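Report on the structure given below.
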Amino acid sequence: MTIRTRFAPSPTGHVHIGNIRAAVYGWLFARHEGGQFLLRIEDTDRERSTPEAVRTVLDAMEWMGLTFDEEPLYQSMRMPAHLAAAEQLLAKGLAYREDKGGTGKGEAVVFRMPGTDMAFHDEVKGDLRKKAEDMKDFVIVRSNGTPVFHLANVVDDIHMGITHIIRGDDHVENTYRHLALFCALGAPVPKYAHLPMIINAQGKPYSKRDGAAYVGEFRDKGYLPEALFNYLALLGWSPGDDREIMSREELVRAFTLDRVRSAPSQMDLKKLDWLNGVHMRALPRETLEAGCRAVLERRALWPVPGGLDYLARVVETMGERLHFFTDIADHASYFFTEEYVFDEKAVNKRLKKAGAADALRALSDRLAALDPFNAQTTEQALRALAEERGEGAGVLVHPVRVAVSGSSEGPSLFHMLEVLGKDRVLARIARALEKFAAE
RNA sequence: GACCCCAUCAUCUAGAGGCCUAGGAUACCAGGUUUUCAUCCUGGACACACGGGUUCGAAUCCCGUUGGGGUCGCCA
């Protein structure tokens, strides 16, 4: 029997990180087993289930690389099947009609629990059981004639031939109901794997208040899907050895449900950041450049004279300083605009200091005389000048860096000067002199 | 409250009775490399919630306590 798993989100306009992790685990499991991974949109809540909300789910899946093997099933289209199942249960005497005083006018259809103790083996939590007296009959069709989640869910899982249900452990208590429904409908029961929640520092379910909580936010903040994927895979699961940095393929090869932890885990955004840097550094040049360009476009820092070649040189110079695509705008905007911001502390320390203006003027003259203006020649000129003045190179290096980039951090100064080019460098030094060095 | 689940460094985790004076990673601290920053390298501090058992031997098994979480809808 080939394994089939599914991700069954209800489209609410955003995809929670905990949900996408469930999808990641389902996908990983299906791929590892050579099975299928399916998508079912639980869009029965017509208020919230707008086409845009559905689009958000699809986008998140695509961005994360969670490919599914069949066309998505839209639960709203399946209402007749759900109702038919209820009729069948009614006919078999496994359900009954009753007015439980609900919202609707008439009677609801209530499913009769078997009245026996129940047990099942959860792939991550182990053996779980529940006593008959702790389980009550429950409504499967509302008095207004619409099917309830439990019914729809089970009927659709049967229809889709789902063999393994991988979902959040807030569903464990529902499992007994679902199991009973599978049996009542004469279908083979699937296996279940309940994943622990992702929690915040307070032990509560991780939410928007705790930082980025939705897939789209991570994307917008510049995280790489492969980094988030890698991170999420390791949040609650481990390969059993010391590997941490893993590609999608390695994860597929290593993933098994029995290595999923059953205790909840907390997001560590710092670790995600680190992992993002790791994946960033492993990216092919063209991908890196394309990602940076997209950010620049979004921040209105693109296009720029020199175009793609220029961008390539900036990216090359920034090197492993880019932990996020957004860093190209957050930490290297001075390559793309004259409107770069001056860091106040850096200005005070390096430009408003006694002697800084004098040093800058002297250096500016030397730089102006350079014919090939590149990393080598600028470095030579600077060092020669420093020696003549009987000072360390730092006395010159720091002020220029701040004058030219506004910041005291950044790539190798001389490569930066080369990329910026003589004209811009001289103009920036002059402007900085005017602006800050009122010596 | 009832029922269920969970419990190793700050965080993610390895650990399925002796290999554990508990390993790795992030974060943190200290040094080195880089006259900056980042990367990288080296070192450091940091944990088996508690109490009882079982056993020659327990982070690992059992019971209890404590702490946390989930579920108790004609929501999904």
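Note that the structure is predicted; figures quoted are calculated from it, not measured. Atom set for the values below is all heavy atoms of this structure, side chains included, hydrogens, waters and symmetry mates excluded. Convention: sequence-line order gives letters A, B, ...; per-chain numbering from 1.
The listed nucleotides are G73(B), C74(B), A76(B); the one nearest the side chain of Ser143(A) is C74(B). The side chain of Asp268(A) sits closest to U26(B) out of U26(B), G69(B), C6(B). Closest contact between the side chain of Ser238(A) and the listed nucleotides U13(B), A76(B), C3(B) involves U13(B). In this structure, of A14(B), G24(B), C3(B), it is A14(B) that holds the atom nearest to the side chain of Arg259(A). Distances from the side chain of Glu244(A) to the nucleotides A38(B), C74(B), A25(B) place A25(B) closest. When the nucleotides C74(B), U39(B), C12(B) are ranked by their closest atom to the side chain of Val148(A), C74(B) comes out on top. The listed nucleotides are C3(B), A27(B), C74(B); the one nearest the side chain of Glu173(A) is C3(B). In this structure, of U36(B), A76(B), A27(B), it is A76(B) that holds the atom nearest to the side chain of His150(A). For Ala263(A), counting side-chain heavy atoms from C-beta on, the closest listed nucleotide (A38(B), A14(B), A7(B)) is A7(B). Distances were taken from every side-chain heavy atom of Lys130(A) (C-beta onward) to each of C37(B), U13(B), C3(B); the shortest belongs to C3(B).
The side chain of Arg261(A) places an N or O atom within less than 4.0 Å of a non-bridging phosphate oxygen (OP1 or OP2) of A14(B). In this structure, Ser412(A) does not reach the U36(B) phosphate: none of its side-chain N or O atoms is under 4.0 Å from OP1 or OP2. In this model, the phosphate group of C40(B) is approached by a side-chain N or O of Arg281(A) to a distance below 4.0 Å at OP1 or OP2. Contact check, Lys204(A) against G69(B): a side-chain N or O comes under 4.0 Å of OP1 or OP2.
Between Lys345(A) atom NZ and Arg350(A) atom CZ the span is 12.5 Å, to the nearest 0.5 Å.
Environment of NZ in Lys130(A): crowded, with over 12 heavy atoms of neighbouring residues, nucleotides or ligands closer than 6.0 Å.
U13(B) sits 13 Å from A22(B) when the C1' atoms are compared, rounded to a whole Å. Across the P atoms, G64(B) and C5(B) are found 12 Å apart, a figure rounded to whole Å. Rounded to a whole angstrom, the distance from the P atom of G73(B) to that of U66(B) is 27 Å. Rounded to a whole angstrom, the distance from the P atom of C12(B) to that of U65(B) is 26 Å. To the nearest whole angstrom, the two P atoms, one in U33(B) and one in A14(B), are 38 Å apart. Here, A49(B) and G32(B) have their C1' atoms 40 Å apart, quoted to the whole Å. C4(B) sits 49 Å from U42(B) when the C1' atoms are compared, rounded to a whole Å. To the nearest whole angstrom, the two C1' atoms, one in A27(B) and one in A10(B), are 8 Å apart.
No close placement of the Phe111(A) and Tyr96(A) rings is indicated, their centers lying 6.0 Å or farther apart. Side-chain rings of Phe29(A) and Phe255(A) stay apart, their centers remaining 6.0 Å or farther from each other. You'll find the ring centres of Phe7(A) and Phe68(A) outside the 6.0 Å limit. Checked against the 6.0 Å centroid criterion, the rings of Phe149(A) and His178(A) qualify as a close aromatic pair.
At a threshold of 4.0 angstrom between heavy atoms, the contacts of Gly168(A) with the nucleic acid are absent. Asn153(A) comes within 4.0 angstrom of nothing in the nucleic acid, heavy atoms only. At the heavy-atom level, Leu128(A) lies under 4.0 Å from the strands shown only through sugar-phosphate atoms. If you check every strand for non-hydrogen atoms under 4.0 Å, His194(A) touches nothing. Pro411(A) comes within 4.0 angstrom of a base, heavy atoms only.
Taking atom CZ on Arg177(A) and atom P on C4(B), their separation rounds to 15 Å, with Å as the unit. Atom CE in Met416(A) sits roughly 15 Å away from atom C1' in U34(B) (whole-Å rounding). Rounded to an integer number of Å, the gap from His331(A) NE2 to C37(B) P is 14 Å. Residue Ile41(A) contributes atom CD1, which lies 14 Å from atom C1' of A76(B) at whole-angstrom precision. In this structure, Met318(A) places its CE atom 9 Å from C1' of C37(B), rounding to the nearest Å.
One can find a donor-acceptor pair under 3.5 Å joining the base of A25(B) and the side-chain atoms of Lys271(A).
A16(B) makes up no base pair with any nucleotide shown, lacking Watson-Crick or G-U wobble contacts both under 3.5 Å. In a base pair of the Watson-Crick type (N1 to N3 plus N6-O4 or O6-N4) or a G-U wobble (N1-O2 and O6-N3), with each distance short of 3.5 Å, A30(B) is matched with U42(B). Under the Watson-Crick or G-U wobble criterion, with both distances below 3.5 Å, A22(B) has no partner in any strand shown. Nucleotide U71(B) forms a pair with A2(B), judged by Watson-Crick or G-U wobble geometry with both contacts under 3.5 Å. Both distances falling under 3.5 Å, in either a Watson-Crick or a G-U wobble arrangement, place A7(B) opposite U66(B).
In this structure, Ser265(A) and Gly410(A) both approach RNA chain B, and ranking their closest nucleotides by distance from the 5' end singles out Ser265(A). When each of Lys136(A) and Leu413(A) is assigned the nucleotide of RNA chain B bearing its nearest heavy atom, the one mapping closer to the 5' terminus is Leu413(A).
The side-chain contact (heavy atoms from CB on, under 4.5 Å) test with Cys292(A) is passed by exactly one of Val314(A), Leu322(A), Thr287(A): Leu322(A). The side-chain contact (heavy atoms from CB on, under 4.5 Å) test with Asn153(A) singles out one residue from His82(A), Arg177(A), Arg167(A), His171(A), and that residue is Arg167(A).
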